[in-house]
Number of protein chains: 2
Amino acid sequence: MHQPEHLKSAGLKSTLPRLKVLDLFENSKERHWSAEDVYKQLLNSGEDVGLATVYRVLTQFEQAGLLVRHHFEGGKSVFELNKGEHHDHIVCLQCGHVEEFYDTAIEARQEKVATELGFAIRDHSLHIYADCTKKKCPHKR
Amino acid sequence: MHQPEHLKSAGLKSTLPRLKVLDLFENSKERHWSAEDVYKQLLNSGEDVGLATVYRVLTQFEQAGLLVRHHFEGGKSVFELNKGEHHDHIVCLQCGHVEEFYDTAIEARQEKVATELGFAIRDHSLHIYADCTKKKCPHKR
DNA sequence: TATACGAATGATAATCGTTCTTATTTGCAA
DNA sequence: TTGCAAATAAGAACGATTATCATTCGTATA
């Protein structure tokens, strides 16, 4: 549990809400959380945090580089731990499960296309929405 | 001006708001419009439409296949005429200008990746956010 | 260890984009 | 023309997010 160092190096005080949120992301099998998800999970765990605090902390963590924010269809932002390595997402339309992937060829072609059009890439997002063909998909949406 | 046929074939009555919205998309150099954009433009043109109607019409046009909806960062939906041919987008971070591109290699790799992960692609969105390196960029954001 | 002060919090109001409700108007077929 | 279902405009309602503000907390310092 070296979370306080994470926070300190990000210039953030080590407070209970921040520790709890960070713990969720670091010690849970689920990698992707919306603000509402985090809020409910903390309430269920007996923590007494405010929704506004959750939003604030998530944004701070994003700015500190601890988390990455994604805008999937559906309006709400989704966060995940920043592993440093970029990847894209494939979202199951049945159950909402998110899987990650990285394809060198796709990344390279993006650079090529952008350069040819006269742009310098700052960021990009590739979201594939699909039906899971495996049995492991719970289809519980 | 064969818009009424467009509407009729989509099972939609030929009303003034619908004609005006469709006209905007068909006879304007700007291809991408948000609901708010459309609403303001129509008001400036002296039309007396309601914002709710604009939202309803845009959604109907999307369902009818006349328009395509995009979810860029920033939360709000953006629409454009459905030209039938899929393409991805590169958004200028300076001026918000949207350019379109299509890359066969990227499309093919996406199919490959999805198949390998056990998914059947239904839809996808690739948005590149970049700085325009040409002088043509108005940098007026 | 006590303390002081700025940072962080929680409750709630406000905002933004979008959808719903409802009373009124309109397109169009008979 | 007339009748009626469909479409509209206005504004209320909504969900996600941000702003406000009085209170509490973390921590550097004495």
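All values below were derived from every heavy atom in this structure, side-chain atoms included, with hydrogens, water molecules and symmetry-related copies excluded. Quick note on labels: first sequence line is chain A, next is B, and so on, each numbered from 1.
Rounded to an integer number of Å, the gap from L58(A) CG to dT17(D) P is 10 Å. In this structure, the NZ atom of K20(A) is 13 Å from the P atom of dG26(D), given to the nearest Å. Rounded to an integer number of Å, the gap from CG of L51(B) to P of dG11(D) is 12 Å. Here the P atom of nucleotide dC16(C) and the CD atom of E73(B) are 20 Å apart, to the nearest Å. In this structure, the CD atom of E47(A) is 14 Å from the C1' atom of dG10(C), given to the nearest Å. Rounded to an integer number of Å, the gap from CG of D37(A) to P of dG15(D) is 16 Å. Atom OH of Y39(A) and atom P of dG15(D) are 15 Å apart (whole Å). Distance Q63(B) CD to dT19(C) C1': 13 Å, rounded to the nearest Å.
In this pair, F72(A) and H70(A) present their aromatic rings parallel. The plane angle is below 30°, not in the 30 to 60° band.
Nearest approach of S14(A) to L19(A), heavy atoms of both residues: OG-CD1, 3.7 Å. Closest approach of Y102(B) and H86(B) over heavy atoms only: CD1-O, 3.2 Å. Of all the heavy atoms in Y39(B) and V49(B), the pair that sits closest is CE1-O, 3.3 Å. Across all non-hydrogen atoms, the minimal contact from G65(B) to N82(B) is O-ND2, 2.9 Å.
At a threshold of 4.0 Å, the pair K112(A)-E107(A) does not count as salt-bridged, since none of the basic side-chain nitrogens sits closer than that to a carboxylate oxygen. Classification of E80(A) and R69(A) as a salt-bridged pair fails, no side-chain N sitting under 4.0 Å from a carboxylate O. Using a cut-off of 4.0 Å between Lys/Arg side-chain N and Asp/Glu carboxylate O, R31(B) and E26(B) are scored as not salt-bridged.
For H71(A) and H127(A), the gap between ring centers reaches or exceeds 6.0 Å.
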Reading 5' to 3' and counting Watson-Crick or G-U wobble pairs with both distances under 3.5 Å, write the dot-bracket notation for DNA chain D, | for bases paired outside the strand.
||||||||||||||||||||||||||||||
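At dT17(D), one or more side-chain N or O atoms of S77(A) fall inside 4.0 Å of OP1 or OP2 (strictly under the cut-off). A sub-4.0 Å separation between OP1 or OP2 of dT18(D) and a side-chain N or O of Y55(A) is absent.
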Can you check each nucleotide of nucleotides 20-30 of chain C against protein heavy atoms at under 4.0 Å and return B for base, S for sugar-phosphate only, - for none, in 5' to 3' order?
B------SS--
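Here the nucleotide nearest the side chain of T53(A), chosen from dT19(C), dT9(C), dA9(D), is dT9(C).
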